[in-house]
Amino acid sequence: MVSLLAAIIWVFVATGVAALPLRWQRGPGIALLAAAPVLIYLLGRDHGWFAAAFGTFALVSMFRRPLLHVLSRLRRAPAPEVEE
């Protein structure tokens with residue numbers, strides 16, 4: 001039950017962050033993104049795999065642009081140089 005309450009609070013906080021001006025969303029958005037896997041794990045542990053799958057789908061849907069940005073940055077990372 002605690003995991004469900006935490007997830008509900010997370011949703012309300014995310015809604016509040018979305019209402020902020022764009023330049024103020026970065027810090028709280030990163031904190032929400034960092035807390036999400038823990039919440040999804042707790043939901044899956046307490047309520048089953050369907051709740052975890054639904055939470056994962058919702059997370060990817062909400063954060064698709066930032067996640068795509070991070071993936072594109074990782075792909076463009078230069079290869080490490082090998083010394084001879």
Side-chain angles (χ1 to χ4, degrees):
M1 189 65 172
V2 174
S3 63
L4 190 59
L5 181 63
I8 291 169
I9 291 170
W10 188 94
V11 167
F12 283 125
V13 170
T15 303
V17 169
L20 293 173
L22 194 56
R23 65 181 178 275
W24 294 350
Q25 289 180 2
R26 182 166 296 202
I30 291 171
L32 286 168
L33 190 58
V38 175
L39 272 172
I40 290 172
Y41 168 75
L42 292 174
L43 282 172
R45 184 190 68 189
D46 294 347
H47 301 285
W49 69 269
F50 186 74
F54 186 77
T56 303
F57 174 75
L59 178 74
V60 171
S61 176
M62 286 177 62
F63 286 95
R64 70 180 171 271
R65 298 275 183 182
L67 291 172
L68 288 173
H69 176 74
V70 168
L71 286 175
S72 70
R73 296 278 261 179
L74 289 174
R75 270 192 247 140
R76 281 189 271 156
E81 295 181 22
V82 178
E83 295 184 27
E84 293 182 26

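- Linking ILVMFWY side-chain heavy atoms closer than 4.5 Å, directly or via other members, places Phe63 and Val38 in two distinct hydrophobic clusters.
- Residue pairs meeting the side-chain hydrogen bond (donor to acceptor under 3.5 Å, both in side chains) criterion with at least one member in residues 45-58, sequence neighbours excluded, are Ser3-Asp46.
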Would you mind writing out the side-chain donor-acceptor pairs for residues 15-28 within the sub-3.5 Å range, not counting sequence neighbours?
unit_1	atom_1	unit_2	atom_2	d
Thr15	OG1	Val11	O	2.9
Gln25	NE2	Val17	O	3.4
Gln25	NE2	Ala18	O	3.2
Gln25	NE2	Leu20	O	2.9

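- In terms of hydrophobic clustering, with Ile, Leu, Val, Met, Phe, Trp and Tyr side chains grouped at heavy-atom distances under 4.5 Å, Val13 and Leu5 are assigned to a common cluster.
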Working for side-chain contact (heavy atoms from CB on, under 4.5 Å), residues Leu42 and Leu4: CA-CA 9 Å; Leu42 292 174; Leu4 190 59; over 6 Å; no

side-chain contact (heavy atoms from CB on, under 4.5 Å) between Leu43 and Phe54, intermediate numbers included: CA-CA 10 Å; Leu43 282 172; Phe54 186 77; over 6 Å; no

Test log, rule side-chain contact (heavy atoms from CB on, under 4.5 Å), inputs Leu71 and Arg75: CA-CA 6 Å; Leu71 286 175; Arg75 270 192 247 140; 4.3 Å; yes

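- Across all their heavy atoms, Gly44 and Ala52 have their closest contact at CA-CB, 3.7 Å.
- Nearest heavy-atom pair, Leu67 versus Val60, reported as atom, atom and distance to 0.1 Å: CD1-CA, 4.3 Å.
- Leu33 and Ile9 fall within a single hydrophobic cluster, where Ile, Leu, Val, Met, Phe, Trp and Tyr side chains are chained together by heavy-atom contacts under 4.5 Å.
- Residues forming a side chain to side chain contact (heavy atoms under 4.5 Å, CB included) with Leu39 (at least two apart in sequence, or on another chain): Ala6, Trp10.
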